[in-house]
Structures are given as C-alpha cells and as structure tokens.
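Presented below is the structure to which this report refers.
Since the structure is predicted, the reported quantities are computational estimates derived from the model, not experimental observations.
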Amino acid sequence: PVCGLMRQWKVLRCAAVSVVARRILTCAAVRPVEQPDSPKILRVAALGSPNVGKSTLINRLIGKKVVAVSDKPQTTREACLAVLTKKDVQILLTDTPGVVGYAFGRRHKMPKSLVSGAMSSLLGTDLVAVVVDVSSKRQRMAIDENVVKLLKEHKNIPSILILNKVDLVRDKYSMLPTIDRLTCGRLLDPLKPGEHGIVSTTHDQEDVSPQLNGGWPNFHEVLVASARTGEGIDRVEDYMFSLAYSGPWLYNSDESVALPPLKIIEELVREQLFAHLYQELPYIINQTNLLLSRRNDGVLEIHQALNCRKNCQKAIVIGKGALTLESMRREAERQLEQLLGPVQLRLIVRLASG
C-alpha cells in the first residue's frame with residue numbers, strides 16, 4: 001500500500017509540475033496571434049542522417065540556440081518546431097530526429113520512437129529540406145537509403161537539397177560531381193508560392209532505387225551552406241522566404257520556439273548529457289521534472305531528476321567531486337537563462353524506480 005501511495009504521489013506531483021509550467025511559462029501561447037496586414041507562411045522540415053547539422057542549421061537561421069546540438073547521433077529525440085519571423089513572413093522550421101535504420105537504433109540502444117520519429121514530422125509540411133554533410137566522403141557518394149525511402153513515401157511534398165559543412169571542403173569544384181550524383185543529374189522546375197501552398201510543375205515521379213545510384217531525382221533546388229560559420233545561410237533564408245504563400249501566422253512575432261516549456265528544459269539539459277557523457281549512457285538516462293516555480297525575486301527555480309539504471313552509472317554522471325554534474329548544471333542553466341530569464345537549476349541523480 002505504501003508503495004502504491006508513493007507511485008500515486010509521484011504521478012500527481014509530475015502532473016502538478018506540468019500545470020505550474022503552463023501557468024508560469026506559456027502565457028505567450030494563449031495570446032491571440034497578432035497578424036500583419038498580409039501574412040505569409042511556409043512550413044519546412046529539415047530531414048537527414050544523424051550529425052549532418054540540421055539542428056545547427058536551424059539555430060543559425062533563427063539567430064540563437066533553440067534546439068539542442070551535439071556531435072552524437074540522435075540528440076534530437078522528437079521533432080522540434082522553431083519559428084523564424086521577418087516582416088510579414090513566418091517560416092516554421094521542424095528539426096526532425098536523424099533518420100536511421102533499425103539496425104543502427106539497436107546498436108545504439110535507441111527507443112523505437114527515435115528510429116521512426118522523422119516520419120510523422122513530415123505531415124503537413126510544405127517543403128522538405130534534405131541536409132547532407134558534404135564533408136563526409138560517404139555522404140558525398142549517396143543519400144542515406146532511409147532518407148530516400150522517406151522521400152519516396154512523401155514524394156508529393158516538394159524537396160530541396162542543402163549541402164552543409166561546406167567550410168570543411170577545400171576544393172569547392174569537387175562538389176559538382178557530388179551534386180550531379182545526389183540529384184541523379186537533374187533538377188525539377190523551380191518552385192514558387194501559390195494561392196494555398198507551393199506550386200511546382202508536374203513531373204512523372206521516377207522510381208529510382210537508392211541502391212543503384214544513391215540519389216533522388218525530384219529535388220527542385222540545391223543550396224550550399226555552412227551552419228557553423230554562417231556561409232551561405234543568407235541564400236538559404238532568402239530561398240525559403242521567397243516561397244512563403246498567403247496564410248495566417250500561427251505564432252506571434254516574438255516567439256522563436258514552439259516547444260512546451262518543460263520540453264525546452266529537457267532539451268537543453270539533455271544536450272549537456274551528450275556533451276559530458278559517453279557511449280550509450282546519454283541515451284538511457286531518463287529525465288523527470290520535479291519542480292518548476294517562480295520565486296518572489298523573479299528567478300525560475302527548476303529541479304530535474306536524472307534517472308540512472310545502475311549505481312555505477314550514477315557515479316559516472318556525478319563525476320569525481322561532483323565536477324561532471326556541476327559542469328552540466330552550470331552550462332544548462334546558462335542556456336536556459338537565454339530563453340527563460342533568470343534561472344536556478346538543480347539536477348538530482350538517482351536510481352530509476354522499478
């Protein structure tokens with residue numbers, strides 16, 4: 001009975017945290033969206049293999065960090081929606097989880113939701129931006145077959161190719177064969193905004209096997225950029241803005257991320273898990289929000305539990321002299337303050353129940 005009561009208390013406490021979070025941090029979400037005289041909108045989904053720089057690209061377009069970034073695969077565990085607004089145009093940028101196969105997911109002990117997470121992210125999208133790491137020899141040879149499979153399943157959605165990390169390529173002319181290979185030697189006619197979405201010239205969709213040539217024959221444009229240095233980002237932004245069509249905004253102009261507040265906290269703390277921990281450990285740690293409260297002095301107090309499976313994992317997360325935990329806490333707190341104002345973050349490492 002005592003254990004049962006404790007479990008019920010934990011559920012109620014987590015529910016209470018969610019309610020408080022909505023009251024404290026989501027006032028902007030209930031505001032009526034202020035529309036300009038002639039609003040325009042475009043929904044873009046960034047699609048690609050892990051570590052091609054999708055999250056960094058979106059952060060660069062927004063002008064600040066709104067999604068977690070790491071050099072480890074699958075930092076983005078679910079789709080994150082960022083909002084870019086300028087003048088009368090609003091671009092909704094969806095950062096999808098890196099597209100991987102089930103064998104890769106099993107090897108890295110990833111939940112099945114991570115392996116298939118990009119699929120649902122394409123629903124309702126106007127444009128798919130396939131991001132490729134052009135500095136990678138493997139990715140210069142072929143688009144990942146899992147990405148091509150998704151493109152085939154959603155071939156009614158127009159797509160473009162973005163060659164990222166161009167700053168790491170010394171000979172820029174060497175990218176010409178890459179472009180030819182990844183586009184199957186052709187581009188469809190340019191896109192333009194229509195009355196209710198993007199308009200393109202109709203072409204027969206060729207069934208091209210990724211195993212044969214590694215390309216996708218239905219791209220409408222190829223853009224070259226470096227999300228890290230900002231090279232070519234203006235052209236990517238200008239291209240997206242040129243395709244925006246008439247439609248009401250979904251968010252106010254001062255909103256840059258459409259994640260629930262608790263998700264923002266989890267994302268930025270998880271980024272530090274990936275930055276400080278190794279192998280599969282960041283993937284198997286579960287986060288639980290315990291407290292979210294605005295103090296009288298205006299500081300947002302956040303308590304989050306990091307649930308480990310074994311005592312040896314707890315020791316690694318805490319680190320010698322608690323230095324690892326304190327480093328994660330301090331950096332996550334700094335980034336949270338950029339989005340949420342004054343913050344005091346406490347991280348609690350514990351064994352997962354059950």
Mind checking the CD1-OH spacing from I41 to Y251? Nearest 0.5 Å is all I need.
9.0 Å
Rounded to the nearest 0.5 Å, what's the gap from CG on L161 to CG on L223? Could you check?
8.0 Å
Check: R309 and I284 side chains under 4.5 Å, non-hydrogen atoms:
yes
So, S135 side chain and L168 main chain: donor-acceptor pair closer than 3.5 Å or not?
no
Can any side-chain N or O of R181 pair as donor or acceptor with the backbone N or O of A142 at less than 3.5 Å?
no
Please check if the number of heavy atoms outside K87 that lie under 6.0 Å from its NZ is greater than 12.
no
If I compare all heavy atoms of P217 with all of C184, which pair ends up nearest, and what's the gap?
N-SG, 3.9 Å
Nearest heavy atoms of R186 and L188, plus distance in Å:
NH2-CD2, 3.4 Å
Heavy-atom check, side chain of R350 versus side chain of T288, under 4.5 Å
yes
Show, in sequence, the C-alpha distance, side-chain angles and deciding distance for Q287 and Q304, and conclude whether the side chain to side chain donor-acceptor pair (under 3.5 Å) test is met.
CA-CA 7 Å; Q287 299 161 262; Q304 185 178 106; 2.8 Å; yes
Are L84 and I198 linked, directly or through other ILVMFWY residues, by side chains that come within less than 4.5 angstrom of each other?
yes
Identify the two heavy atoms, one from L250 and one from R43, that lie closest to each other, and give their separation to 0.1 Å.
CD1-NH2, 3.8 Å
Side-chain touch I91/V44, heavy atoms, less than 4.5 angstrom:
yes
Would you say the side chain of L300 lies within less than 4.5 Å of the side chain of P342, judging by non-hydrogen atoms?
no
Where do L268 and A332 come nearest, in terms of heavy atoms and distance?
O-CB, 4.2 Å
When you group the ILVMFWY residues by side-chain heavy-atom contacts below 4.5 Å and let the links chain together, are W249 and L42 in the same group?
no
Checking side chain to side chain donor-acceptor pair (under 3.5 Å) for the pair S159/W216: CA distance, chi angles, key distance, verdict?
CA-CA 10 Å; S159 58; W216 175 244; 3.3 Å; yes
The test is side chain to side chain contact (heavy atoms under 4.5 Å, CB included); show your working for H276 and S327 and say whether it passes.
CA-CA 8 Å; H276 290 80; S327 179; 2.8 Å; yes
So does K54 pair up with D95, basic N to acidic O under 4.0 Å?
no
Spacing of OG belonging to S242 relative to CG belonging to L191, to within rounding of 0.5 Å
8.5 Å
Test item: Y245 and H196 side chains (from C-beta on) under 4.5 Å apart, heavy atoms:
no
Do NZ/NE/NH1/NH2 and the carboxylate oxygens of E326 and R330 come within less than 4.0 Å?
yes
Which heavy-atom pair separates L47 from T96 by the least distance, and what is that distance?
CA-OG1, 3.8 Å
Any chance you could measure S136, atom OG, to M141, atom CE, to the nearest 0.5 Å?
11.0 Å
Could you walk me through whether Q344 and R295 satisfy the side chain to side chain donor-acceptor pair (under 3.5 Å) test, starting with their C-alpha distance in whole Å, then the side-chain angles of each, then the deciding distance to 0.1 Å, before giving a yes or no?
CA-CA 10 Å; Q344 184 175 75; R295 301 189 322 213; 2.9 Å; yes
Would you mind checking if R346 and E301 are paired as a salt bridge, meaning a charged N to carboxylate O distance below 4.0 Å?
no
Could you check V269, L273, V317 and say which one makes a side-chain contact (heavy atoms from CB on, under 4.5 Å) with L347?
V269
Walk me through it: do D144 and N146 pass the test side chain to side chain donor-acceptor pair (under 3.5 Å)?
CA-CA 5 Å; D144 186 279; N146 296 295; 3.0 Å; yes
Determine whether E337 and R334 satisfy the following criterion, salt bridge (Lys or Arg N to Asp or Glu O under 4.0 Å), listing intermediate values before the conclusion.
CA-CA 5 Å; E337 286 184 335; R334 184 186 68 81; over 6 Å; no
Looking at CG of L93 and CG of L57, how far apart are the two atoms once the value is rounded to the nearest 0.5 Å?
8.0 Å
Determine, stepwise, if the pair I302 / I265 fulfils side chain to side chain contact (heavy atoms under 4.5 Å, CB included).
CA-CA 9 Å; I302 303 169; I265 296 168; 3.7 Å; yes
Is the backbone N or O of V128 less than 3.5 Å from a side-chain atom of T125, with the two atoms forming a donor-acceptor pair by type?
no
For the residue pair F219 and I143, establish whether any side-chain heavy-atom pair is separated by less than 4.5 Å.
yes
Note: N307 and A352 closest approach over all heavy atoms is CB-CB, 3.9 Å
Can V134 and N164 be said to form a side chain to side chain contact (heavy atoms under 4.5 Å, CB included), step by step?
CA-CA 6 Å; V134 74; N164 190 28; over 6 Å; no
Hydrophobic clusters here meaning ILVMFWY residues chained together by side-chain heavy-atom distances under 4.5 Å, can you tell me if L336 and L306 are in one?
yes
Over 12 non-hydrogen atoms of neighbours within 6.0 angstrom of CG in D171:
yes
One thing to verify: whether R270 and E267 come together as a salt bridge, which I'm taking to mean a side-chain N less than 4.0 angstrom from a carboxylate O.
yes
Determine, using the 4.5 Å side-chain heavy-atom cutoff (strictly less than), whether V236 and I160 are members of one ILVMFWY cluster.
yes
So do K149 and K152 actually touch side chain to side chain, heavy atoms under 4.5 Å?
no
Check whether L277 and L345 end up in the same hydrophobic cluster, where Ile, Leu, Val, Met, Phe, Trp and Tyr are linked by side-chain heavy atoms less than 4.5 Å apart.
yes
Can you check whether E34's main-chain N or O pairs, donor with acceptor, with N252's side chain at less than 3.5 Å?
yes
Could you walk me through whether E331 and Q335 pass the side chain to side chain contact (heavy atoms under 4.5 Å, CB included) test, one step at a time?
CA-CA 6 Å; E331 181 59 24; Q335 296 189 25; 3.1 Å; yes
Note, V132 side chain near I162 side chain (heavy atom, < 4.5 Å):
no
Rounded to the nearest 0.5 angstrom, the CG-NZ distance for L243 and K192 is 11.5 Å
